[in-house]
There are 2 protein chains.
Amino acid sequence: MAERKRPSIREVALMADVSVATVSNVLGGRKMVTPTLAARVNEAVKALGYQADRAASQLRSGRARVIAVLVPSLDNPFFTSIIAGIEQAVQSEGYDIIVASSNNDGETERKRLSALLSWRPAGVMILPVDDRFAALEMLEASESPFVVVDRLPLRLRADTVAVDNQHAAILACNHLVALGHRDVLVVASTLKLANIRARISGIRRAFRQANLPEPKIVEAGLSLETASSQLAGWLATNERPTGIIALTNFTTIGVIASLNQLGLRIPDDVSLVGFDDYVWMQAATPTITAIRQPVEQLGAQAWACLRERIEDGRTELRTLRLHCTLQVRGSTARVGKSHRPITVNNS
Amino acid sequence: MAERKRPSIREVALMADVSVATVSNVLGGRKMVTPTLAARVNEAVKALGYQADRAASQLRSGRARVIAVLVPSLDNPFFTSIIAGIEQAVQSEGYDIIVASSNNDGETERKRLSALLSWRPAGVMILPVDDRFAALEMLEASESPFVVVDRLPLRLRADTVAVDNQHAAILACNHLVALGHRDVLVVASTLKLANIRARISGIRRAFRQANLPEPKIVEAGLSLETASSQLAGWLATNERPTGIIALTNFTTIGVIASLNQLGLRIPDDVSLVGFDDYVWMQAATPTITAIRQPVEQLGAQAWACLRERIEDGRTELRTLRLHCTLQVRGSTARVGKSHRPITVNNS
DNA sequence: TTGTACGCGTTATCAG
DNA sequence: CTGATAACGCGTACAA
C-alpha cells in the first residue's frame, strides 16, 4: 500500500484521459479548457494528490517563483522582522523565500549570495554587511532584479528601500531639545555603516539649527558588551550629558545596562532615546522612549519595489525612504531639578 | 557588451573543448577526470562565471539540496533564533533553507506547507501551530523526511527535537524553593500547547516533592497586552505570591509590565523567573533571572536528526530532548524582611 | 486540444 | 579506466 511514488503530470493525464498539455493548462489557468475536461483533470489531481514540481516548472518556463533574501544576521530581531514583512508580502502572490545569513561577514556574504543565485531566483533582496557593498558586482552580473534594503551602499546603483535616517535622528533631537536638553551624547554602534553616519549627520544638523553645541559621539561596537563598556569608559572621563541617544537596538540595551551599573537613574539623571521599538521597552523600568522603524513596511515596500521589476519590467532606479516615528515613553524627561549636577566619580 | 545570457553547461563544454558530461563530472567531483581536462574546465567555468542551475540539477538527480522550514511566526525571536541555528548548520553542507510562516494559524500552516512541499525539499523542519499537528498527514503523504521541532504533537509519529520542559520547570522551582518561596504563581501563555502543559506538570511535581502546596496557574494569552491585564486581574483578587514563574518570553515581559504598573518591586515584593534568555534581560532593572533554552542547539540538533534520514537513511523514530539552564540574575531573592506583607489594594 | 520539442544538468550506456 | 553521446526528469509552450 505504501511505496507509491510521487505522481507526475503524465499520470494525472492518464487518469483524466487527457493530454499532459491539458492538465498543465487547467492547473496553470493560462488557456481556456472545456469545463468537462477541467473537471476530470481536477478530479484526478485530487485523487492522486498531485502537485506540480516547482523546480521543473521553473526550469521550463524560465519564470521563477522564489525570492532570495540575504541578511547580515538571523539573530537580530530587526532583520527577522523585515523578513517577516517580506514573507508576508510575497507569499500572497505565490512566491517563496530562500533565506540566508551573511553572519556580518563580507566573505560569507559573497559565498551565500553565490549559492542563492544558483537558484535563479526571480529577485534578490539584500541587506549588505557594509557600505562597500561588494555584492553589487555579483548581483549585476547575475542580471536578476534586486533591491537593497535598510543598509545603503556608497554606490547607489540599485533600487533601495530604507528608512529616512536623518529624519529619524531629527525626531529624537527635537524631542530632547524640547525637554531642555542641550548636552547630549550619541552612542553609535559603528561609523562604518552609512545609516549610522546618516543618523549622526541628522543629529548634528538638528543641533546646529537649534543653535546648540554639537553632541559628542561614542562608537560603541556591535555587541551589548562592547557598548556597555565603551559607554562606561566614556562617562568615567567626560562630563555627564543630560540626554543620550542610542543609535541601534543593541546600543540601547548597552546604554541601559551601563547606566544601571553606574547607578545613574533614567530619566532623573539621564534621559534616553533608544533606537528600534521592541516589546520589552514597554516593560522596562522606566519604559523606553524610542525611535520606531517601520519594519513591516520595509519588507512590504521592498517587495513592491522588486515586484515592479519582475512583473512590470521597470528599469529606472528607485529610491524609497520611509519615515520613523517617535514613541514617547518614560525614559525621557525635562532637564531640571532632579538632575544631579555631580559627575560620575571615577576612582 | 551587455545582453550576455547566463551560460549553460554546454557553453562551458564548448569553451573547454570537452563534453558536457566531463564538465558535470569535474564540477560534481563524482567521477575521476584527467587533471589536464579538469583544469581546462575550471578555467572555462571561471571565464564564463558559470554556475549550475540548482533547479535543473535537482530535477535530474532527484537529490534536492534545500530544506523547508515552517515556523508559527517570524516575529518571535525564539523562532528566528532556531532558524538561525538551522541555517548555520545546513549551510555548511551546501543546503539552503526555504522559510515560511504559518502565522499561528492552522489553515495557513496547511497552505504554506503545501507550497513548501512543491519544491520537493530534501527535508522539512516544522514547528507546528498546535498539538493536533494537522500537518502530519500531509507530511507523511509527501514521503519527505521531516522533524518536528520545539512544539510536540500529541501523536508522536515523527522525529522530535525539543527542550526538556519538565526539567526546565524544575530548575525554576528548585531555585525559588531554595530561596524560601512557598507561594508561587505560574503565568502560562495558553494551556493549549503541550510544552506549556509539560512545564506546568514539571512545576507541580517539583512542589509536590518539596512538600509544598501546588502553585496557582494563570492563563495569560499570547500577547503582552493580555498577559499584562490577566495578571493584574489575578493579583487584584488573590493573595500576592512571593514568587512568579513566567512560562514564555511574552508572558515574562507581561509580568514585568504588570508588576511595574501595580507598583510592586522586583525582587523585593515578588521574585520572578522568566522564560527564554534575551539580551534585554541583562539590562532590565533588575536584571532578570531566566530559564535559557538552547536555541542554537535546537536548530543544530534538528538538522543532525534530519540529516540522518536524508543521507544515512535512518528509519527508526528519534526523540531528542535538550536541557535548559538557569541564568540567575537580579529578579529573584530570598523571601525575607524586605517583602511587604500587605496585599495589593484593589479599589 | 494535443503531440512533442525544449530547458539544463545528470547519469546510464557505450566507445576508445 | 577515461570520456563522449544520448536519454532522461517533469512541466511548459508552441505548432499542428
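Residue numbers begin at 1 in each chain, while the letters A, B, ... track the order of the sequences.
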Under 4.0 Å: is that the gap between some side-chain N or O of [X] and OP1 or OP2 of [N]?
X     : N      : value
B/S24 : C/dT10 : yes
B/R10 : C/dC6  : no
B/S57 : C/dT10 : yes
A/S19 : C/dT2  : yes

I want to verify a distance call: between [options], whose nearest atom is closest to the [X] side chain?
X     : options                : result
B/K31 : D/dA6, C/dG9, D/dG3    : D/dG3
A/A56 : D/dA13, D/dC10, C/dT2  : D/dC10
A/S8  : C/dT11, D/dC10, D/dA13 : D/dC10

Take the protein atom [atom1] of [X] and the nucleotide atom [atom2] of [N], then report the distance between them rounded to whole Å.
X     : N      : atom1 : atom2 : answer
B/I9  : C/dT10 : CD1   : C1'   : 8 Å
B/L14 : D/dT5  : CG    : P     : 12 Å
B/R40 : D/dT2  : CZ    : P     : 16 Å
A/R65 : D/dT12 : CZ    : P     : 11 Å
A/R30 : D/dT12 : CZ    : P     : 5 Å
A/L27 : D/dA13 : CG    : C1'   : 16 Å
A/R6  : D/dC10 : CZ    : P     : 10 Å
B/Q58 : C/dC8  : CD    : P     : 16 Å

Original post:
So, does the side chain of B/R60 form a donor-acceptor pair with the base of C/dC8 at under 3.5 Å?
Top reply: no
**OP:** Would you indicate whether B/E311, at its atom CD, is surrounded by more than 12 heavy atoms from other residues, nucleotides or ligands within a distance under 6.0 Å?
**Re:** yes
Base, sugar-phosphate alone, or nothing: which one does [X] contact when heavy atoms must sit under 4.0 Å apart?
X     : result
A/R63 : sugar-phosphate
A/L37 : sugar-phosphate
A/R54 : nothing
A/V20 : base
B/V23 : nothing

**OP:** Return the 5'-most residue of the pair A/Y50, B/T34 with respect to DNA chain D, ranking by each residue's nearest nucleotide.
**Re:** B/T34
**OP:** Assign each of B/A21 and A/T22 to its nearest nucleotide of DNA chain C by heavy atoms, then name whichever residue's nucleotide is nearer the 5' end.
**Re:** A/T22
Original post:
With under 30° as parallel and over 60° as perpendicular, where do the rings of B/W119 and A/W119 fit, or are they tilted in between?
Top reply: perpendicular
**OP:** Could you walk me through whether B/I310 and B/I67 pass side-chain contact (heavy atoms from CB on, under 4.5 Å), step by step?
**Re:** CA-CA 11 Å; B/I310 298 171; B/I67 305 294; 3.9 Å; yes
Original post:
Can a donor-acceptor pair be found between the side chains of A/T160 and A/R321 at a distance below 3.5 Å?
Top reply: yes
Original post:
Is it true that the side chains of B/S144 and B/S142 contain a donor and an acceptor less than 3.5 Å apart?
Top reply: yes
**OP:** Check whether any side-chain N or O of A/D150 sits under 3.5 Å from a backbone N or O of A/L127 as a donor-acceptor pair, and report yes or no.
**Re:** no
